[in-house]
Each structure stands twice: as C-alpha cells, then as structure tokens.
2 protein chains.
Amino acid sequence: MTEAIRTWQGVMEEVRRRIHARDWPPGALIPNEADLAAEFGVARATVNRALRTLAEAGLLDRRRKAGTRVALQPVAKATLDIPVLRLEVEARGKEYGYRRLARTEALPPDDIATAMQTGDTPLLHIRALHLAGDAPYALEDRWINPGVIAAARDEPFTRISANEWLLAHAPYTHGEIGFSATNARAPEAAELGCATGSALFVLDRLTWDHARTITRVAIFYAPGHRMRTGL
Amino acid sequence: MTEAIRTWQGVMEEVRRRIHARDWPPGALIPNEADLAAEFGVARATVNRALRTLAEAGLLDRRRKAGTRVALQPVAKATLDIPVLRLEVEARGKEYGYRRLARTEALPPDDIATAMQTGDTPLLHIRALHLAGDAPYALEDRWINPGVIAAARDEPFTRISANEWLLAHAPYTHGEIGFSATNARAPEAAELGCATGSALFVLDRLTWDHARTITRVAIFYAPGHRMRTGL
DNA sequence: ACTCATATTATGTGCAGACATAATAACGGG
DNA sequence: CCCGTTATTATGTCTGCACATAATATGAGT
C-alpha cells in the first residue's frame, strides 16, 4: 500500500489513473461514492468533489440513482479565455495601439437587425482597428443598442475602444459567442493590410441584458491568428 | 425581506445580481465568506461553493487573506464542447458518412515532427473525409505515433475513423487545441469540393500520454462552418 | 528607518451526519 | 401481461465544526 489519499485532488488523480489504466474501461459503472470513500479512507464529500470535477471535465457521466460511469465518448471541453484585445496584445509582449475608423448611427443590415431583435430602429455602429506594435492585430465591427446603453451616445470611442468601454459600463446577463472563418472582402483587406480573399479568423459575440440585446460584435483577426488552449 | 436564500445557486444568483446592479462595482472588495454566510443565513461552505463557482466563471477574483473582489476585466470564458465528428453531424439531423482517403507510413513534415517531438521516425498518416448527408463536412488530416499506440498499425481505418478509434484505444493525459483560419489549397479544395482559396475553419489538436505524443490532427471544416457556445 | 520573525485573517479543504431529489426497481391490482 | 404506485438507491446539497495554507499586517530588535 502506497501512501494514503487525503485530498479531493488525490482522489481525482487516482480515479483518473484507473480510467486511464483501463481498470475502469469506457462505459463501465464505477463504485458509488460511499464505497469509494470507504476504500480511500476519506469522507463522501471529498469523493463527491473529485467525481464532480471529473464529470465537469467530461470524463465521467453521472446520474442520480443510475450511478457514475466512465464517459464513452469523452467530449473534449476546451475552455477559451477571451480577454480584452488590449490585454491579449500586451500578453504577447507587443505595444497595444487603437484607432477608431468610423462611428455612425445607422440602420443595421437585416441579419444584424434580426439577431439583435431591434426591428428598424437605428443602432450605433463602430468600426475600429486594434494594433500590435505597428501591425494591425484585429478589426472590430460593432453594433450597439443605444436604447439599452444610452450613455454610449455620448461616447466618441476615439481613445477607448468599445471593447473595453462596454465592459465597464454595460454588464451583461448572458451572451452567445461564435467562431468561424471568412475570406477578407475589400474593406477588411484594406483596413487589416492584407490581400483580398485572405482567410480571416472571426469571433462574433452577441450579449444580452435579460431580454434585451446590448451589442453584437465581430472581431476579424489579422491572417495567421491562432487561438489556443489546453485540454 | 423577500424569501430566504437556501441553496448555493441562490447565493450565487444574489451575488451576481449585486455585481450586475453595481452594488459591488468592478474592483470592489466584497464581504468575506463568514459575513455573507451570516447575512444570508446559510453555512459558510454554501457561500464558498457559490463564490468559487463565480470565480471559475471569471466574475470574481479570490486570493487568500486578500479577500474576494469583483473582476475588473471579466475575461469571458467560452467553454466549447468538441464532440466526435459523427455526433456533431448527427446532432444537426444529417446522416453521417465517412471515407478514408489515404493511409501511409511516412516521415512527417518538419513542423509536425517538431511539435510531436518524434525526431525522424516515420509516423502513421491518415487523411479522411467526414460527410453530412452527401456534402463534405470536414477533412481530417492526422499523424499517429505508432511507437505509443502500436495497435494503430493493424487498423486500416476504412470503416471507423481515427477520430473515434483513438478515443476508444488511446486515452490521453493532456493535450493542446487550437483554432485558426486558412485558405484552402488545391488538395483540400478538391477533397472538400470547394473553391481553391476558400476560407476554412481549422481545429488542430495535439494529445499526449504523459511525456509522449500520441497524435496530432487538423480538422478542416467545409466553408461556412461556425462553432458556437453560450457565455 | 530597515529587516526579519510572528500574529492575524480570509480562503481552501476535510469530516460526519442529515435530508432532498431523481431515477430506477419492485410490487400489486386489474 | 400491462400499468400505476411505492420502495429503494445513488447522487446532490446543507450544516457546523475543525484545521491547513497563503498572504498580509504587525512589531521587536538593530
């Protein structure tokens, strides 16, 4: 017998080891919390914490009464941290720069109006460039609902980006985020300083305050951008 | 006084409400666990669970002795579920199809060899197409280290994709995942049935078994693919 | 003033016991 | 044999208490 397991991390590691070693193969039902607690000589709450964490990571499936089993198809869960663009640039050791390109109040295109459920009210439209050193880093194309965030009407967004201003002034209750790839059209190519047709990584986000949409933004990253995380 | 808070979810909601209502503005130090527990009439462990969950979500910053404060720049954490391609297709209500395009044992290009740290040993190379209905859904380009997964040498991968086979036969301890965009070169365009130069969304993954690399894969999604999640 | 040891404090985690809840299994009546 | 009710079981969570740990604040000694 090796040294005893004392912490929930210890229990988690041991369970992970057994899964990995195929002691408990994919799909297998593992002992219940009380039994494991007895085996490891810890409280049930400790085992619970360990198994719950593994379940959140997608390695286990748990159901009341049915018990805990090893996930058949462990869906990899990638947690991406999406910081403010300024911090993202600074984390790469580059100097951050910002340039507002346009600020208008206009009727958004149909797809935006539909997504934001704003009907045919005009919205605030901001287009801005984020720089890393001298090179364009990302292009921000944003629509803001001034009906919800009235203060945005008084903000020029020349020195502070909408990206950061909204974080400080418009908390959201929930949102949706999407990732895709698109070919650069002429305006994006000109603004990002790349060839027309270049493949751009796009992040789009729609945020809500309860039932009302606050803002919808698309971030076009300069060619070659890669977003990464551990598993 | 409204109804009492009983559960950790209840505490979490109330804390979230106070942050959102600016009772506790960004950067503010909030009361300690013991005080909150007394205020809400619950045990400290309950408050701890609530605050810990909010901290994991990026809404709070916690440090021992220093206390808990509202995050200044709430880094949005997007958790992406990356299921097996077959399930991804089936979840869209389409019929899944699979076609192996190539299977060779060869020396990988330099960047792959470097990433996998396999020196100049030959690796198993699989290229396969995943279909949704009749349309190409994604192209899989995979390198497998047979030094770690010897059984892969005996598997033709004609009926079952490497994507699924590895999940069942090669558990990993950790990995890295990346997202980017790239222009389709001639082979990808031909295999995916799209124009050369189309912007493709690419997911790449490198998995390890302790210190040894198992496999590195790139998934090229057909044009227009969008990966989405809530916030 | 400055330095280093010591006290204090907030979070992190463990334990034992209890009850809640969801889902399955067992059972009994028709 | 089918169907609805009831018992059983494993997880989910709460409580109250204890001690561990990390980080800051304090203060003694030079």
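Residue numbers start from 1 in every chain, and the chains themselves are labelled A, B, ... in the order their sequence lines are given, proteins ahead of strands.
- Close to C:dT13, at under 4.0 Å from its OP1 or OP2, lies no side-chain N or O of A:T46.
- Nucleic acid contact class of A:A34 (heavy atoms, under 4.0 Å, all strands): none.
- What separates CG of A:D35 from P of D:dT9 is a distance of 12 Å, to the nearest Å.
- Taking 4.0 Å as the cut-off between side-chain N and carboxylate O, B:R127 and B:D141 count as a salt-bridged pair.
- Close to C:dT13, at under 4.0 Å from its OP1 or OP2, lies a side-chain N or O of A:Q9.
- Straight-line distance from the CZ atom of A:R69 to the C1' atom of D:dT11: 14 Å, rounded to whole Å.
- If you measure from atom CD1 of A:I5 to atom P of C:dC15, you get 12 Å, rounded to the nearest angstrom.
- DNA chain C is contacted by both A:A66 and A:T7; A:T7 maps to the nucleotide lying nearer its 5′ end (nearest heavy atom per residue).
- Rounded to whole Å, atom P of C:dC15 lies 14 Å from atom CG of A:L36.
- A donor-acceptor contact closer than 3.5 angstrom is absent between the side chains of A:E88 and A:Y96.
- D:dT11 atom C1' lies 12 Å from atom CG of A:L29, rounded to whole Å.
- A:T68 has a side-chain polar atom (N or O) that falls below the 4.0 Å cut-off from OP1 or OP2 of D:dT11.
- Within the structure, every side-chain polar atom (N or O) of B:R44 is placed at least 4.0 Å from both OP1 and OP2 of C:dT11.
- No side-chain donor-acceptor contact under 3.5 Å links A:T182 to the backbone of A:L200.
- For A:E164 and A:R86, the salt-bridge test passes: some basic side-chain N is under 4.0 Å from an acidic carboxylate O.
- OP1 or OP2 of C:dT24 sits under 4.0 Å from a side-chain N or O of A:R63.
- Rounded to a whole Å, the CZ atom of A:R52 is 11 Å from the P atom of C:dG14.
- Here A:N48 reaches the OP1 or OP2 of D:dG12: one of its side-chain N or O atoms lies under 4.0 Å away.
- Among the nucleotides C:dC15, D:dT15, C:dG12, the one closest to the side chain of B:A43 is D:dT15.
- Taking atom CE of residue A:M12 and atom P of nucleotide C:dG14, one finds them 11 Å apart after rounding to whole Å.
- Evaluated for a side-chain contact (heavy atoms from CB on, under 4.5 Å) with A:R16, the options A:E13, A:H20, A:E14, A:R18 yield exactly one hit, A:E13.
- When the P atom of D:dT15 is taken as reference, atom CD of B:E33 falls 13 Å away, rounded to whole Å.
- Each of A:K65 and A:A45 was assigned the nucleotide of DNA chain D with the nearest heavy atom; the assignment lying further toward the 5' end belongs to A:K65.
- When each of A:R49 and A:R64 is assigned the nucleotide of DNA chain C bearing its nearest heavy atom, the one mapping closer to the 5' terminus is A:R49.
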